Amino acid sequence: MGRNRPLSRGFYDRDTLAVAADLIGKVLVHRTKAGVVAGAIVETEAYIGESDPACHAAPGPTKRNAPLYGPPGVAYVYLNYGMHYLVNAVTEPEGSPAAVLIRALEPLEGEKLMRRRRARGSSRSADSFATHELCRGPGNLTRALGISLDDNKGDLTEGPLRIEDRQRPRREVAWSRRIGINVGVEAEWRVFAVGSPAVSGRIRIG
DNA sequence: CGTTCGATGCACT
DNA sequence: GTGCATCGAACGT
């Protein structure tokens, strides 16, 4: 059993709320020519099925949401508001469209590269970012990690973009409503590590 | 502290 | 043509 073991397909092939909670403390890693970056997941949201109006599967199968209907353990990446890539881990058995949105990380590796990427195209300088700001928010973390449409449909169990279990200490978690949506707002399908400064939004504890 | 608003591309109706 | 699973700057209190 290696120390940086990628999560298995079976980890994702489960109830989406369980996966959303169990991803807290796991490590999202992206290996590119520019270098390796990694961060501990501290905030996620579940999007579950065609009956969830906020889930991209709500309209039924389309070209964009096809990965949601595919096998678990695959990345679903899409462009939001014309400028931010958001990354999800597909969950549940094939044919059951659901995923977990990764919303925030605590940087662990490649912080210098994260700073360069965040500063690029921004008015801020690389060293003006606090560490906990680098991957706070779903759009910010994909920028820091260099995640783009190239990573859509990538295999999280073995690709350059993957999620590993690095045996980090268990975090206390709390649940809240999901952030930034106008439908399906009542469900408490957001999970986050209590007290983490990297957690986004106003609903935070600690 | 709070709220509002523009940027910016494209999937979907 | 409409509406985003966002971000950050600009404003008001």
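As the structure is a prediction and not an experimental result, all values here were calculated from the model. Every chain is numbered from 1, with letters handed out A, B, ... down the list of sequences.
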Checklist entry - On a whole-Å scale, what distance lies between the P atoms belonging to B/dT13 and C/dA5? => result 13 Å
Next on the checklist: Using the side-chain heavy atoms of A/L79, tell me which of these nucleotides is nearest: B/dC10, B/dA7, C/dC7.
Outcome noted: B/dC10
Checklist outcome for this item: Taking B/dA11, C/dA5, C/dG8 as options, the one with an atom nearest any side-chain atom of A/N140 is C/dG8
Next on the checklist: Given A/V87, which partner from the list A/L156, A/V100, A/V77, A/L145 fulfils the side chain to side chain contact (heavy atoms under 4.5 Å, CB included) test?
Outcome noted: A/V77
Checklist entry - Strictly under 6.0 Å, is that where the ring centroids of A/Y47 and A/H56 end up? => result no
Item to check | Distance, P atom - from C/dT13 to B/dC5, rounded to whole angstrom | outcome: 13 Å
Next on the checklist: Just the rounded figure in Å: distance from C1' of C/dT6 to CD of A/E45.
Outcome noted: 12 Å
Checklist entry - Between atom CG in A/L134 and atom P in C/dG8, what is the gap in whole Å? => result 11 Å
Checklist entry - Is the base of B/dA11 touched by the side chain of A/N65 through a donor-acceptor pair closer than 3.5 angstrom? => result no
Next on the checklist: Quick check for you: among C/dT6, C/dA5, C/dA9, whose closest atom lies nearest to any side-chain atom of A/R124?
Outcome noted: C/dA9
Checklist entry - Hey, does the Lys NZ or Arg CZ of A/R9 hover above the aromatic six-ring of A/F11, less than 6.0 Å from the centre and inside 45° of the axis? => result no
Checklist outcome for this item: Taking B/dA7, C/dT6, B/dC12 as options, the one with an atom nearest any side-chain atom of A/T62 is B/dC12
Checklist entry - Between C/dA5, C/dG8, B/dT13, which one does the side chain of A/Y47 approach most closely? => result C/dA5
Checklist entry - Linking I/L/V/M/F/W/Y whenever any side-chain heavy atoms sit under 4.5 Å apart, do A/I48 and A/Y12 land together? => result yes
Next on the checklist: Does C/dG8 have OP1 or OP2 under 4.0 Å away from a side-chain N or O of A/S122?
Outcome noted: no
Checklist entry - Within the distance-only criterion (no hydrogens, no angle test), does the side chain of A/R178 pair as donor or acceptor with the backbone N or O of A/A46 below 3.5 angstrom? => result yes
Checklist entry - How long is the line joining CG of A/L68 and P of C/dA5, in whole Å? => result 12 Å
Next on the checklist: What's the closest nucleotide to the side chain of A/Y81 if the choices are C/dG8, C/dC4, C/dC7?
Outcome noted: C/dC4
Next on the checklist: Assuming nearest nucleotide by heavy-atom distance, tell me which of A/L86 and A/F129 is located more 5' along DNA chain C.
Outcome noted: A/L86
Checklist entry - Hey, mind stepping through A/R166 and A/E109 against salt bridge (Lys or Arg N to Asp or Glu O under 4.0 Å) and telling me if it holds? => result CA-CA 13 Å; A/R166 295 193 177 180; A/E109 245 184 88; 2.8 Å; yes
Item to check | Short side-chain N/O contact from A/N80 to OP1 or OP2 of B/dT8, under 4.0 Å | outcome: no
Checklist entry - Ignoring hydrogens and angles, are the base of C/dA5 and the side chain of A/H56 linked by a donor-acceptor pair under 3.5 Å? => result yes
Next on the checklist: Can you tell me which nucleotide in C/dA5, C/dA9, B/dA7 comes closest to the side chain of A/Y78?
Outcome noted: C/dA5
Item to check | Nearest-Å distance for atom pair CZ/P, residues A/R143 and C/dG8 | outcome: 10 Å
Checklist entry - Do the side-chain N or O atoms of A/R118 get closer than 4.0 angstrom to the phosphate oxygens (OP1, OP2) of C/dG8? => result yes
Checklist entry - Think A/N182 has a side-chain N or O under 4.0 angstrom from the OP1 or OP2 of C/dC4? => result yes
Next on the checklist: Would you measure the distance from the C1' atom in B/dC10 across to the matching atom in C/dG8 and give it in whole Å?
Outcome noted: 22 Å
Next on the checklist: Please report the distance, rounded to the nearest Å, between NE2 in A/H84 and C1' in B/dC10.
Outcome noted: 14 Å
Item to check | Euclidean distance, atom CE of residue A/M83 to atom P of C/dG3 [Å, nearest integer] | outcome: 18 Å
Item to check | Pairing partner (Watson-Crick or G-U wobble, both distances under 3.5 angstrom) of B/dT8 | outcome: none
Item to check | Counter-base of C/dA5, judged by Watson-Crick or G-U geometry with both distances under 3.5 Å | outcome: none
Next on the checklist: Go through it in stages, so that I can follow the logic: the residues are A/R103 and A/E45, the test is salt bridge (Lys or Arg N to Asp or Glu O under 4.0 Å), and I'd like the CA-CA distance, side-chain angles, deciding distance and then a yes or no.
Outcome noted: CA-CA 7 Å; A/R103 289 192 57 94; A/E45 280 177 356; 3.8 Å; yes
Checklist entry - Taking CZ from A/R136 and C1' from C/dG8, how many angstroms apart are they, rounded to a whole number? => result 12 Å
Item to check | Interatomic distance, A/Y85 OH vs B/dA11 P [rounded to whole Å] | outcome: 11 Å
Checklist entry - Reckon A/L101 touches a base, only the sugar-phosphate, or nothing at all at heavy-atom distances under 4.0 Å? => result base
Next on the checklist: So A/G82, base contact, sugar-phosphate only, or nothing? Heavy-atom distance under 4.0 Å.
Outcome noted: base
